[in-house]
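Notes follow once the structure below has been shown.
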Amino acid sequence: MGDLMVSRFSQSSVSVLNHLHDYSGHEDVDSGGRRRAPEAASSSSSSVTTTTTTTTTTSMAYLHQTVVLCELRHDAFEECMPSGPSVGMVSKWRPKDRMKTGCVALVLCLNISVDPPDVIKISPCARMECWIDPFSMAVPKALDTIGKTLHAQYERWQPRARYKLQLDPTADEVKKLCSTCRKYAKTERVLFHYNGHGVPKPTANGEIWVFNKSYTQYIPLSVSELDSCLQTPSIYVFDCSAAGMIVNAFTERQEWNASMKDCILLAACEAHETLPQSAEFPADVFTACLTTPIKMALRWFCSRSLLSDSLDPKDIDRIPGRQNDRKTLLGELNWIFTAVTDTIAWNVLPHDLFQRLFRQDLLVASLFRNFLLAERIMRAASCSPVSFPVLPSTHQHHMWDAWDMAAETCLSQLQSLFDNPNAEFQPSPFFTEQLIAFEVWLDHGSEHKKPPEQLPIVLQVLLSQSHRFRALILLGRFLDMGPWAVDLALSVGIFPYVLKLLQTTATDLQQILVFIWTKILALDKSCQVDLVKDNGHKYFIKFLDSVGAYPEQRGMAAFVLAVIVDGYQQGQEACIQAGLIHVCLRHLENANPHDTRDTHDTQAEPLLLQWLCLCLGKLWEDFPEAQMIGLQADAPLIYSNLLFEPQPEVRASAVFALGTLLDCGFDSFRDGLGGEQDYDDDKKNMAELIIVKSLLKVVSDGSPLVRAEVAVALARFAFGHNKNLKSLAAAYWKPQPNSLLNSLPSLANIRSSSGAYSSSSQYIQPGSAIPSQIGPVLRVGSDSTGVGQDGRVSTSSPLASSGIMHGSPLSDASSQHSDSGELSRDGTSNGVINFTRPRSLDTALYYKCIMAMYTLAKDPSPRIASLGRRVLSIIGVEQVVTKALRPNTGSVRQGESMSASPAPNFPGLARSSSWFDMNAGHLPLTFRTPPVSPPRQSFLTGMRRVYSLEFRPHQLNSPDSGLADPLLGSGGPSAVLERSFLPQSIIYNWSCAHFSRPLLGATDDNEEMLARREERERFALDRIVKCQHSSVSKLNNQIASWDTKFEMGTKAALLQPFSPVVIASDDCERIRIWNYEEATLVNSFDNHDFPDRGISKLCLLNELDDSLLLIASSDGSVRIWKDYSAKGEQKLVTAFSSITGHIPGVRGVNAVVDWQQQSGYLYASGERSSIMIWDLDKEQLASCIPSPSDCSISTLSASQVHGGQFAAGFADGSVRLFDIRTPERPVCTRPHNRAERVVGIGFQPGLDPGKIVSASQAGDIQFLDVRNDTNAYLTIDAHRGSLTALAVHRHAPVIASGSAKQNIKVFSLNGEQLSFIRYYPTFMAQRIGSVSCLAFHPYRVLLAAGCADACVSIYVDDSSQAR
């Protein structure tokens, strides 16, 4: 919580986990540095004792501590649907209906001096009534005095109630009293107190006794009569012998009368019992316990303690102080008694019963606390008080021992206080001891253990200024244990206490109060109403703007404010008036003083930046007044500087905030602006331009979290600019006969007047055309003059005449007739969305937005692609068809549900993803679009189809495939419905979940993980040393052979470092994992559903920990999987396109990638592409190195020892070594002797950074030393014109090459050929096909070879076969 809190906390003798502020290094937001496994290096180095110090140091250079993609945002992002804090529900911890007792009826039937006939009194017997001896004065005066005293005793517990007193009444008087009380109380509770010490016991039917007018007879009054007059809600107190009779009668009546459910009863004894008559008790001992508990408890305690000899019972009445003053002796005793009884009740009673009896009504709560005392005292006199609802037995609860100890401690000071009234009272150690017990539970307790019984005491301690800070710290630790702990604390009743504490000005409580409120609001959003009502938002705004607070704590304050304004207009208005917008923007502006991408060394705490963005985004959401204030304060410019922050959460939050500033095109936005029309017309468009340009810069961001928010923001933009975007989309994909694709304009050649974009915002390389694999299917209602009033396109429209609105470019007369339907002939345009006035931005910008939407629709992440297709549907591109799903596969794409009707498997669709291509001859049949449906008044059906998340290939025989259906209604009553179809942001709800998790100290049980890593490090170090000193003789012993059953052969293979597993893939991106020791298939899955892209590379990430499988496709798409070795359990961690400037899904790029664990960098390049360096820890493009050659890069290899160094082989045969510290020029350039494609490259084993091995397609293998300016120091002619694969062992001095001529050669680093594996046609010999891939085991001399015949073979050295 910060060093200040820790120091203060330690002064309070409570041990909080060291450096509470370290929770800023949480799972989903880091400080910008890479996460490193703790203690890995030290633990590993200590485990190796057999090697020298030099060897150990050298070996440790190979074990990288960098761990990437293991944050919470990577845990099933594709499937997660975060809900955020609870929305709109009545929380269980809140009393469902607060109530108070409005009227009290006191009925005393004492008949002083006349004993009832069924009672035989002992001598001496109990005589005191309300602590008054009725025989000490005249009977009438005694009766009146007792009545007034009872009134005063009840009034202490409920001073605002109306009291009615009846002394020795008749039946009619009692009935009238009950009716009067109900009339006054209305719906409030009525208390009926009955003292029947002067009348007979109740009857078996539950009748109580009163008097006739002359007091000559006892008159029965039935329970039913009493209940019909008093009604409910009510509470009855019966202080008489055999009071249980009445309870039994009420219980029987309640079984058939549902209205009595809100009826509570307290009775002095069981049905067969008589009240205690011992002189040590008052006659009304039950009433004394209920109304004067402290006096009764102390008198009873003194008679049984060692103080009985030294303390006169009358001295108890002289205890100094007031019961409501906790700084006095009497107040301390009352405070401790309340804490003890509350604790007993909370630990013994069921949750619902505790809420009803102890939290719903203050008077009822007081009576039931005191009832627990009555049970303890009266059971000692063989009398059992009864209640309805029935309570468990509590008279032997161990907390009574704590009360006795506290009472003795306090009473032991009584004589000294009498002797010296000025003497200082010494508080009891009760609360200190209970806090220690609570702390002990915090050190050892958990959700699965019994809850801490001291929790109600912690609540009571919050009332004390001396204990408050320590209690809040312990409470914060408890709340940090999880949502269950927060709910538990709220159910105890902590909410009003911490709410009232926001009114304090004590600075030492600010940090912990912000933390506690963070935990509360992470569970229950409904508290926002209470905070705004009590002006609590001002407390958090002031804290957010404070300088002394730690950034992560201010981030929590921003979270609290974000919840306050989330969907709550009163909260939004209150925060605007308090200046929240300017406070947040000022801190954001100070955190990013320069608009550059290289100034992040001194950035602010990411958690603070993230929640400043989210807070303002929630404040602007659907609130035009706040949006206008943000626009006037240049918020778009401030936020645009945050789009390149190193943390994906910050970038996503900034995109979310920018998106909320975009106008969705609804009149309600403009209606809220009032007199700001001039600003809306002029400056708002400029602000919107800045926002859209900013969004376009991060369309290709490496994090799906960011791209998801970009898609949501672009959806809002598309909705607001639907008219312009739809027209451009229709014109852009307008088909042309015979030369459709060649005629499409290149977006990169379109220049806007505002200047060019950076490379990250360009989606098409200059001069390139849209390939046939990615054509969209348009469902466009154009906004030109050719659109009829029902949204259909007339035959006179240029779009219709050119064939864009028909099912096929081969439109004939019949198809035009069917498409045109019943079209408007007046030529007027009603548009699809009508705006109050036209708005238009730069046309080139619209084109870039369309292509950005298109890029998102083809995103490697299924979730982002679904969002992208949804955005395209808004501008009329309803179906984005890539190709038919892979036939005969049972797998469903991750994150998407199976379509209700499977796509038809047309033969041409496998090669052509767009129905436009069918005109080029791929599909040998002619078809027409079925007739469109008649005009409809309602647009809802069309909208439903447009916004459907499922986009299926074009259904040729679908009865509802008319391409001219209206998409979006005009701004009428359906506007709210239309808006509800917009995709929703997830970053806010997802970020809220962070605060529901433990924030103080370590959150995960990583002991097992560290133990596994240590074991793997020991294994790796041992194997590395053996590899470095190995002398490989022959590597041709085949220990396993696996038929992968890939139809197109094996494309890539990879050996697991710590298990006997080989991973293989084919050109259709099927992944199969095989255990070569057990010869069993471990798992099989599809990288994605479009099988014609091909695999470029398989890599393992975090191989010393829970490894991830990186699968790079030939189109540049990268997908990273976790749990890939568990059958059917694989999950997509992240996915992105590693080649910017290229649309994902387009084959022919031949992207090459390699992974460098030490730096956390992924290097990628493709044809006519720069070298992209991706920081996977930040999920961000770290840098871009322009390709130094006109030829494309054909292979990449990253050094696994020296971070930031990588080598590239080019199609012209040249080899270049790069260092990211000097990205402007390569370290060296070496050409191969023959100008043919380099097919393999790698760094030689060891720590020497300058030695490289490369192989060209011509068959020569070169050994290079960059320190030598001449040519290669060694060249091997391994294969003559047929070399297809090269593998360099990471640690052993061996390399291997494969040939298309069905042979493999293994060489030493000196060029000596060690093995020659070839195809033999004999039955017993090894059979290998054309070699397509080779891979060494990282820590053993094992070689995996994949062949074109779908066979994967594992080879081992002769000396290793025994092992």
Side-chain angles (χ1 to χ4, degrees), residues 34 64 66 68-69 700-702 759-760 860 1052 1054 1095-1103 1108-1120 1134-1142 1144 1149-1189 1191-1211 1214-1229 1238-1243 1249-1250 1252-1254 1266 1286-1288 1290 1335:
R34 282 176 199 88
H64 312 303
T66 305
V68 298
L69 302 178
S700 298
D701 192 276
S759 61
S760 61
L1054 181 67
I1095 287 286
S1096 170
K1097 184 86 170 184
L1098 296 177
C1099 298
L1100 278 186
L1101 280 59
N1102 310 334
E1103 63 181 28
L1108 305 174
L1109 177 62
L1110 182 148
I1111 305 174
S1113 302
S1114 297
D1115 67 346
S1117 299
V1118 172
R1119 294 173 176 84
I1120 300 175
T1134 187
F1136 63 97
S1137 179
S1138 62
I1139 310 296
T1140 59
H1142 167 70
V1149 181
N1150 295 323
V1152 290
V1153 304
D1154 200 18
W1155 163 246
Q1156 191 174 61
Q1157 185 73 44
Q1158 187 182 47
S1159 63
Y1161 287 155
L1162 179 74
Y1163 304 94
S1165 184
E1167 293 182 0
R1168 300 184 303 278
S1169 172
S1170 302
I1171 302 172
M1172 319 304 293
I1173 304 175
W1174 293 90
D1175 187 331
L1176 290 196
D1177 183 65
K1178 301 174 182 177
E1179 297 183 71
Q1180 191 177 38
L1181 185 64
S1183 63
C1184 180
I1185 302 177
S1187 177
S1189 172
C1191 295
S1192 62
I1193 295 177
S1194 56
T1195 183
L1196 275 175
S1197 178
S1199 171
Q1200 297 303 319
V1201 177
H1202 301 279
Q1205 291 188 2
F1206 66 98
F1210 290 78
S1214 61
V1215 175
R1216 290 173 172 83
L1217 177 66
F1218 295 88
D1219 193 317
I1220 60 172
R1221 294 172 294 182
T1222 58
E1224 66 279 358
R1225 60 185 178 85
V1227 176
C1228 74
T1229 302
V1238 177
V1239 296
I1241 194 169
F1243 286 82
I1252 301 172
V1253 180
S1254 65
V1266 298
L1286 175 72
V1288 182
R1290 192 184 298 180

Please report the closest heavy-atom contact between [X] and [Y], naming both atoms and the distance.
| X | Y | value |
| --- | --- | --- |
| S1113 | A1151 | O-CB, 4.0 Å |
| G1242 | V1288 | CA-CG2, 4.1 Å |
| S1138 | M1172 | O-CG, 3.4 Å |
| Q1200 | Q1156 | NE2-CA, 4.0 Å |
| S1117 | P860 | OG-CG, 3.5 Å |
| V1153 | S1096 | N-OG, 4.2 Å |

(message) If we count only N and O atoms by modelled type, under 3.5 Å, do the side chains of D701 and Q1180 hold a donor and an acceptor together?
(response) no
Any non-hydrogen side-chain atom of [X] less than 4.5 Å from a side-chain atom of [Y]?
| X | Y | value |
| --- | --- | --- |
| T1134 | E1179 | yes |
| I1111 | I1120 | no |
| Y1161 | D1175 | yes |
| V1215 | I1241 | yes |

Rounded at 0.5 Å granularity, tell me how far [atom1] in [X] sits from [atom2] in [Y].
| X | Y | atom1 | atom2 | value |
| --- | --- | --- | --- | --- |
| L1110 | C1099 | CG | SG | 5.5 Å |
| L69 | N1102 | CG | CG | 7.0 Å |
| I1193 | F1210 | CD1 | CZ | 4.0 Å |
| S1183 | I1173 | OG | CD1 | 3.5 Å |

(message) With a 3.5 Å distance limit and no angle check, can you tell me whether S1194 reaches the backbone of G1209 through a side-chain donor-acceptor pair?
(response)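 A pair under 3.5 Å: yes.
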(message) Can you tell me which residue among L1176, L1100, V1118 is in a side-chain contact (heavy atoms from CB on, under 4.5 Å) with W1155?
(response)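 Per the side-chain contact (heavy atoms from CB on, under 4.5 Å) rule, the option paired with W1155 is L1176, out of L1176, L1100, V1118.
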(message) Against F1206, only a single residue in L1217, D1219, I1220 fulfils side-chain contact (heavy atoms from CB on, under 4.5 Å); can you say which?
(response)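 Passing option: I1220.
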